[in-house]
There are 2 protein chains.
Amino acid sequence: MSTNRREGNNRRQELIDATLNCIENEGLQGTTVRKVADYAGVTNGLIRFYFSGKDELMRAAYAALLDQIYSHARIAVDDDTVKPQVRLRNFISATLSYPIVAPRTVLLWANFLPVTYIDTEMSIIRNEAYVETTNILEPLIRDSFLDNGIALDDKKVKNYAIQVNAIIDGLWIEGSLAGNKFQRNELVNLGIEATAAILSLKI
Amino acid sequence: MSTNRREGNNRRQELIDATLNCIENEGLQGTTVRKVADYAGVTNGLIRFYFSGKDELMRAAYAALLDQIYSHARIAVDDDTVKPQVRLRNFISATLSYPIVAPRTVLLWANFLPVTYIDTEMSIIRNEAYVETTNILEPLIRDSFLDNGIALDDKKVKNYAIQVNAIIDGLWIEGSLAGNKFQRNELVNLGIEATAAILSLKI
DNA sequence: CATAATTTTATACACTTGCATAATAATGAT
DNA sequence: ATCATTATTATGCAAGTGTATAAAATTATG
């Protein structure tokens, strides 16, 4: 029988992608090593050549998902040559745009979330990758107020961060799962408006 | 061997509860008919006496979960002898309190969410039970403004509802998964404050 | 081009899964 | 008490599961 080898060795990444595609389409229950192999266009035995077993494959897939999500969110914040208000707006804009806003992303997140409460290794992966969103938001919020000559106490900053984080998460889920409900920049605008209202601050 | 029959016939409900408990603790993957039977303290064969199969059991469990969630949310809104602002506050308060705010509730919700995008029957159950939260929020928001002598156009009402819905969902998830991060009424207060800010309305 | 190393397939195995069915126990009716 | 009905267990089966392993195909190396 003809094999399926491709130039370069990206099999490992292909198998990870196939895993995420399989989970997206078939759910955790429908994700077997054989189906993942089908998605990748190889036979199931190959998985054990690149991974010690299904568990390691799933962990690698979860880590890859988190990396995809957070890399987009981080880029928006990392440019600290601009005012904190702008960075805050960029963060909201990035988090409420494709590819973070997408059915696939939310579905994968929802599939993995319960696993991180059952499998210790998965929870470690999450905790390591998790850029505590509040840890991003708190300095941005504090500095945005400082830029307006207002010094907030820590408790106030924390509470604002929780609220802003909540509105972003809520809009993320709503926008991701609601088919074509939202126009191009509608979701971003709703997020920025709500954040400005919560902070009583022009951003 | 001794059997396990109990007075009254609540086996069906017991099996549904056992299913939710099993999903909560073991995840969808770990939820087999045998494990559910263990959780219920019966043998696996009994499940097929009350349900046509595992699929029907899972659907019944999902319907039960949605019913539990929405019954609490609805009660808070149904008292239309009070001002819309109060009903809105009651709705937020109920949605951001136990038992809706609880790790179990969010974990169960997350487990089922992807299934509703794979299994048509599950999506029907969700759509039937789903009290479109926006359909609750929109009239409450419209009437709250009317009570202040302000008539909002439909688009504005819709956008407000989306934002309020988002902050509630976001706080729900954050509060449910964040261990002991929040004091007794802290989450409710954060939700009401944020909503008031978004609407620029005292509620 | 021959041979070693790497990558991929093919196959088999032990175990789990959902489901079926017969046997058993408990309850209700007369 | 006897018998029919309902509820529960016990057991088995076919299909699917993750994993192991050997064979085959491909690539790299001299």
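The chains referred to below are lettered A, B, ... by the order of the sequence lines, with proteins before strands, and numbering in each begins at 1. Bear in mind that the values here come from a model prediction, so they are computed numbers and not experimental data. The figures here come from the full heavy-atom set of this structure, side chains too, leaving out hydrogens, waters and symmetry mates.
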Distance check needed: [N] [atom2] versus [X] [atom1], whole Å only.
X	N	atom1	atom2	result
B:Asp38	D:dT9	CG	C1'	14 Å
A:Leu15	D:dG18	CG	P	14 Å
B:Asn10	D:dA7	CG	P	12 Å
B:Phe49	D:dT9	CZ	C1'	12 Å
A:Phe51	D:dG18	CZ	P	15 Å
A:Ile47	C:dT9	CD1	P	11 Å
B:Arg11	C:dT27	CZ	P	11 Å
A:Glu14	C:dT8	CD	C1'	13 Å

> Would B:Glu14 and B:Arg11 pass as an ion pair if we require N to O under 4.0 Å?
Replying inline: yes
> Thinking salt bridges, do A:Asp143 and A:Lys83 make one under a 4.0 Å N-O criterion?
Replying inline: no
> Does the side-chain hydrogen bond (donor to acceptor under 3.5 Å, both in side chains) test come out yes or no for B:Gln163 and B:Asn159, once each step is laid out?
Replying inline: CA-CA 6 Å; B:Gln163 291 172 316; B:Asn159 281 343; over 6 Å; no
>> Which heavy atom of A:Pro84 sits nearest to which heavy atom of A:Asp147, and what is that distance?
In response: CG-CB, 4.4 Å
> OP1, OP2 of C:dT7 versus side-chain N and O of A:Tyr50: anything below 4.0 Å?
Replying inline: no
>> Cation-pi check for A:Tyr160 against A:Lys158: NZ or CZ below 6.0 Å from the six-membered ring centre and within 45 degrees of the axis, yes or no?
In response: no
Pairs under 3.5 angstrom only: tabulate donor-acceptor contacts from the side chains of residues 192-203 of chain B to other protein residues two or more places apart or in another chain.
unit_1, atom_1, unit_2, atom_2, d
B:Thr195, OG1, B:Gly191, O, 2.7

> How does protein contact run along nucleotides 17-23 of chain C, one letter per nucleotide 5' to 3', with B for base contact, S for sugar-phosphate only, - for none, heavy atoms under 4.0 Å?
Replying inline: BBBS---
